[in-house]
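Report on one structure; see the data block that follows.
In this chain, numbering begins with 1 at the start of the sequence shown.
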Amino acid sequence: MRILLTNDDGFQAPGLQTLYRVLAETNCHQICIVAPERQQSATGRAVTLHKPLFLARHELPCGGQGFAVAGTPTDCIKLALQGDILGFRPELVLSGINAGPNLGSDVFYSGTVAAAMESMLLGVKAFALSLAVKSFTEGMNFESAAAFVRDVLLEDEVLTSFEGLLNINFPHHPREAWQGYCLARLGRRAFLNRFETRKSPFGREYYWVYGSQPEDEAEGTDQEAIARGFVSITPLLGDLTDYAELEKLVERGEPWG
């Protein structure tokens with residue numbers, strides 16, 4: 001299979017490099033990487049319009065093409081699928097493995113999910129892959145997540161036949177402690193922002209943003225799945241239309257009169 005790897009943590013991020021190594025060792029796939037040159041977390045669907053996109057080529061250890069892009073995750077997918085830098089069209093895009101969860105409302109801000117969403121919109125199915133650690137002190141067990149991608153996601157007939165976007169979060173503990181995997185809906189995960197006012201040494205006022213993120217572990221949500229030790233798999237759509245409200249407006253004759 002022709003697979004494109006990308007992320008929002010940067011070309012050299014351990015999650016992406018572990019995923020590349022684990023998949024490349026099978027010698028079953030043609031793998032390339034097009035990823036941001038530096039950290040681009042929480043950039044969402046941002047696209048670079050007012051400055052050039054510089055690329056740096058990298059030789060990959062197990063063969064294949066690698067490109068570090070001075071842009072966003074969405075830029076990377078646009079270049080890879082529409083910029084003809086690869087010389088072939090991937091059959092699958094894997095975005096991640098992200099260092100941190102992308103659960104619930106996170107998907108609206110996540111660069112990891114944004115790259116996968118752009119791929120789907122351009123006609124290539126994609127998996128957004130995230131490791132659900134709450135803090136960096138927990139350790140990053142990317143090996144288990146990468147092995148799951150190799151052994152399950154790329155082998156399961158149901159999952160490989162899926163033609164859209166799957167948002168997938170992995171428990172942070174070793175794979176032998178996982179409870180399996182399950183399909184789940186997005187929960188609510190709105191960030192409670194706090195803004196601390198400070199002044200620079202030159203007297204200019206600025207704000208430092210921080211806060212907390214409440215968990216929604218209601219039954220059937222992706223957050224509940226992770227809390228119970230399951231891999232969470234959520235199909236996502238690119239269509240944000242609220243069809244129920246649209247139908248109500250049409251029935252009322254609004255705003256058409």
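Side-chain contact annotation: Ser41 with Gln39, donor-acceptor N/O pair under 3.5 Å present. In the model, Asn7 has no side-chain atom that pairs as donor or acceptor with a side-chain atom of Thr112 under 3.5 Å. A side-chain donor from one of Thr48 and Asp75 sits under 3.5 Å from a side-chain acceptor of the other.
Arg21 pairs by the side chain to side chain contact (heavy atoms under 4.5 Å, CB included) definition with Thr18, Glu25, Glu143, not counting sequence neighbours.
Tyr20 places no side-chain N or O within donor-acceptor distance of the main-chain N or O of Ile31, the cut-off being under 3.5 Å. Put simply, the side chain of Thr6 gets close to the backbone of Val34: a donor and an acceptor are under 3.5 Å apart. Proximity of a side-chain donor or acceptor of Asn167 to a complementary backbone N or O of Thr234 within less than 3.5 Å is not detected. No donor-acceptor pair under 3.5 Å is formed between the side chain of Asp222 and the backbone N or O of Leu186. Judged by distance alone, with hydrogens and angles left aside, the side-chain atoms of Ser110 form no donor-acceptor pair with the main-chain N or O of Asp106 at under 3.5 Å. Of the possible donor and acceptor atoms, none in the side chain of Trp208 sits under 3.5 Å from a partner among the backbone N and O of Arg194.
Residues Arg189 and Pro101 have side chains in contact (heavy-atom distance under 4.5 Å, counting atoms from C-beta outward). Residues Ser130 and Ile168 fail the side-chain proximity criterion, which asks for heavy atoms closer than 4.5 Å.
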With a 3.5 Å cut-off and sequence neighbours excluded, list the donor-acceptor pairs that the side chains of residues 78-94 form with protein atoms.
from, atom 1, to, atom 2, distance (Å)
Lys78, NZ, Glu118, OE2, 2.9
Arg89, NH2, Leu122, O, 2.5
Glu91, OE2, Arg2, N, 2.8

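Atom OH of Tyr109 is separated from atom OG1 of Thr43 by 13.5 Å, given to the nearest 0.5 angstrom. Taking CG from Leu53 and SG from Cys76, the interatomic distance works out to 8.5 Å, rounded to the nearest 0.5 Å. Atom-to-atom distance recorded for Arg45:CZ and Phe108:CZ is 12.0 Å, nearest 0.5 angstrom. Interatomic distance, Leu23 CG to His29 NE2, rounded to the nearest 0.5 Å: 6.0 Å. Rounding to the nearest 0.5 Å places CD of Glu251 at 10.0 Å from CG of Leu246.
In this structure, Glu245 pairs ionically with Lys248, as a charged nitrogen and a carboxylate oxygen lie closer than 4.0 Å.
Other members of the hydrophobic cluster containing Val47, listed by chain and number, are Leu49; membership follows side-chain contacts under 4.5 Å among ILVMFWY residues, whether direct or relayed.
By the 30° and 60° cut-offs, the orientation of the rings of Phe11 relative to His58 is parallel.
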